[in-house]
Enquirer: 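The structure's right below; bear with me while I get my questions together.
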Amino acid sequence: MPTLNGDAPIIIAHRGASGERPEHTLAAYELAIEQGADFIEPDLVLTKDGILVARHENEISGTTDVADRPEFADRKTTKTIDGTEFTGWFTEDFTLAELKTLLAKERLPELRDANTAFDGQFQIPTFEEVLDLLKLHQAETGNRIGVYPETKHPGYFAGIGLPHDKPLLSLLTKYGYDGRDDPVFIQSFEVDNLKLLKLNTKVRLVQLVAGEGGPPDQPALRYADMVKPDGLADIAQYASGIGPSKSMVISRDALGRLDKETGLVTAAHRAGLEVHPWTFRRENYFLPTDFVSGVSPAGAGDLESEVRRFVAAGVDGLFSDNPLQAVAALKPEPAE
């Protein structure tokens, strides 16, 4: 394989099998494991009492029923996080016991109507519950699934006295995910958080980068500069890989079709960095136009063909909401 180490790319279940179950629920993670994902990805935020929980954002009105709970109406507030103002309900204003009374719902109902059938069925899981799920699966099957946590807004949380690093590393160590050879990566869009983790763990770290903007904790730094050769060399001093948006690996043309490889994979590999792009989803709304099927944005297009293009470009792993299709894309195509 044209990966950094020659192995097949890893399939990372983005928030679990979130194309088929509400994201960041144990049900989504369980389904991802059943579908063959190599890693599951929990985004981590903290509660008022310092417990790591799995939510895409600390503002939870879009992924739980909190807005319909009159007992928490007075918790609605407005905060500025990483320079952007948000209004809603935030995990850091709830104890774990209070959060456990809330129920998850589908974040993208307009695209994933079938997932709304599961609204109100699942709680917000703690990170420890996610690790317990992986431990149970290994005990039952002998198969060790990896974990790929993202520290969400680590600078913001550290600033309010709720840093990620100590509870995160403590739990990873408790469950045996604490060495460079263990199936674990910690990812962040910020830089200082990763550099701090580098001082305290042997776990592999991944610098997330996007097509626009820069790290929230480094106002003078742009992601576009971080993926130039000098920037990649700097990242290699503290991280094992980068997690770029898909368009940073293969661009799209004026009609939205997949176009040319950008050279990022080659440059990253030259710096000794793995490349794990995000996010691969089967809905037409997210796909390049040459892989769209039908006219509905919610319709399922040809995700497997998109994945194969990126595998051919040499990516070392990829994040997908649909691990079943992503895993299938790695299998040899049948001969005609």
Side-chain angles (χ1 to χ4, degrees), residues 15-16 23-26 28-29 40-66 69 71-72 74-82 84 86-104 122-135 147-178 182 184-203 205-206 208 215-217:
R15 311 175 196 171
E23 66 186 34
H24 291 314
T25 59
L26 292 180
Y29 299 136
I40 61 171
E41 186 234 14
D43 295 332
L44 299 179
V45 295
L46 290 107
T47 66
K48 186 177 183 179
D49 42 350
I51 306 300
L52 290 167
V53 294
R55 286 291 89 186
H56 175 50
E57 292 289 346
N58 52 326
E59 200 291 294
I60 53 174
S61 62
T63 59
T64 73
D65 62 352
V66 66
R69 304 292 289 273
E71 66 269 33
F72 297 129
D74 62 347
R75 305 283 178 94
K76 187 175 184 180
T77 188
T78 298
K79 301 187 181 189
T80 299
I81 300 171
D82 296 342
T84 301
F86 297 93
T87 298
W89 289 261
F90 298 82
T91 59
E92 63 269 25
D93 296 330
F94 292 77
T95 65
L96 177 63
E98 290 172 330
L99 277 184
K100 281 294 188 179
T101 68
L102 303 178
L103 296 171
F122 311 121
Q123 293 181 324
I124 297 174
T126 66
F127 185 43
E128 185 158 21
E129 287 172 332
V130 175
L131 294 173
D132 276 331
L133 174 67
L134 298 180
K135 182 179 180 180
V147 63
Y148 205 127
E150 179 183 347
T151 57
K152 300 293 291 192
H153 311 297
Y156 165 79
F157 275 105
I160 60 172
L162 294 169
H164 283 76
D165 51 312
K166 289 184 179 179
L168 172 59
L169 296 182
S170 177
L171 283 170
L172 289 175
T173 298
K174 177 181 177 180
Y175 285 84
Y177 292 94
D178 56 357
D182 288 314
V184 54
F185 295 88
I186 302 174
Q187 57 177 328
S188 180
F189 278 105
E190 298 187 19
V191 174
D192 289 343
N193 176 238
L194 292 176
K195 289 183 175 180
L196 176 62
L197 288 166
K198 176 69 174 178
L199 298 175
N200 294 290
T201 183
K202 296 178 182 178
V203 165
L205 308 175
V206 171
L208 296 174
D217 61 328

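Note that the structure is predicted; figures quoted are calculated from it, not measured.
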Enquirer: Set out, in order, the CA-CA distance, both residues' side-chain angles and the distance that settles salt bridge (charged side-chain N to carboxylate O under 4.0 Å, His left out) for K174 and E128, then state yes or no.
Expert: CA-CA 10 Å; K174 177 181 177 180; E128 185 158 21; 2.5 Å; yes

Enquirer: For D49 and T95, indicate whether the former's side chain and the latter's backbone hold a donor-acceptor pair under 3.5 Å.
Expert: no

Enquirer: If we only count heavy atoms from C-beta on, is the E57 to F86 side-chain gap below 4.5 Å?
Expert: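 A side-chain contact is absent here, since even the closest heavy-atom pair is not under 4.5 Å.
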
Enquirer: Donor-acceptor pair, distance only, cut-off 3.5 Å: does the side chain of R69 make one with the backbone of T101?
Expert: yes

Enquirer: Could you tell me whether a side-chain N or O of N58 sits under 3.5 Å from a main-chain N or O of V45, the two making a donor and an acceptor?
Expert: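 No, the answer is negative, given that no donor and acceptor are paired below the 3.5 Å cut-off.
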
Enquirer: Can you tell me if NZ on K100 sees more than 12 non-hydrogen neighbours from other groups inside 6.0 Å?
Expert: yes

Enquirer: Parallel, tilted or perpendicular: which describes the rings of H24 and H56, with under 30° parallel and over 60° perpendicular?
Expert: parallel

Enquirer: Is any side-chain heavy atom of N193 closer than 4.5 Å to one of D217?
Expert: no

Enquirer: Pairing donors with acceptors under 3.5 angstrom, does anything connect the side chains of T91 and R55?
Expert: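 T91 vs R55: no donor-acceptor pair found between side chains.
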
Enquirer: Evaluate the side-chain hydrogen bond (donor to acceptor under 3.5 Å, both in side chains) criterion for residues E129 and Q123: first the C-alpha distance (whole Å), next the side-chain angles of each, then the deciding distance (0.1 Å), finally the verdict.
Expert: CA-CA 11 Å; E129 287 172 332; Q123 293 181 324; over 6 Å; no

Enquirer: Step by step, work out the side-chain contact (heavy atoms from CB on, under 4.5 Å) result for L44 and T151.
Expert: CA-CA 5 Å; L44 299 179; T151 57; 5.8 Å; no

Enquirer: Looking only at non-hydrogen atoms, find the nearest pair between L52 and P167 and report the distance.
Expert: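 Distance-wise, the nearest heavy atoms are CD1-C, 3.8 Å.
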
Enquirer: Is any side-chain heavy atom of V130 closer than 4.5 Å to one of Y29?
Expert: yes

Enquirer: Can you confirm whether H164 sits close enough to F127 that some side-chain heavy atom of one is under 4.5 Å from a side-chain heavy atom of the other?
Expert: no

Enquirer: To the nearest 0.5 Å, what is the distance between CD1 (I60) and CG (D65)?
Expert: 9.0 Å

Enquirer: Apply side-chain contact (heavy atoms from CB on, under 4.5 Å) to residues D165 and T201 and explain how you reach the verdict.
Expert: CA-CA 10 Å; D165 51 312; T201 183; over 6 Å; no

Enquirer: Please lay out, stage by stage, how L169 and I186 fare under the test side-chain contact (heavy atoms from CB on, under 4.5 Å).
Expert: CA-CA 10 Å; L169 296 182; I186 302 174; 4.1 Å; yes

Enquirer: Donor-acceptor pair, N200 side chain versus L196 backbone, under 3.5 Å?
Expert: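 Yes, N200 side chain to L196 backbone: donor-acceptor pair under 3.5 Å.
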
Enquirer: Using modelled atom types and a 3.5 Å cut-off, is there a donor and acceptor pairing between side-chain atoms of E23 and backbone atoms of A28?
Expert: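 Pair absent, no side-chain N/O of E23 close to backbone of A28.
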
Enquirer: If only atom types and distance count, is the side chain of K79 paired as donor or acceptor with the main-chain N or O of T87 below 3.5 Å?
Expert: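 Side chain of K79 to backbone of T87: no pair is present.
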
Enquirer: Whether the side chain of E59 engages the backbone of F90 through a donor-acceptor N/O pair (distance < 3.5 Å, no angle test) should be reported.
Expert: no

Enquirer: What's the spacing between Y177 OH and K135 NZ if we round to 0.5 Å?
Expert: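 One finds 10.5 Å between OH of Y177 and NZ of K135.
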
Enquirer: Side chain of D82, backbone of P216: donor and acceptor closer than 3.5 Å?
Expert: no

Enquirer: Does any part of the side chain of D182, heavy atoms only, come nearer than 4.5 Å to the side chain of V203, both counted from C-beta?
Expert: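 Counting from C-beta outward, V203 and D182 never come under 4.5 Å.
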
Enquirer: Where do V53 and L96 land on the side-chain contact (heavy atoms from CB on, under 4.5 Å) test, with the steps shown first?
Expert: CA-CA 8 Å; V53 294; L96 177 63; 3.9 Å; yes

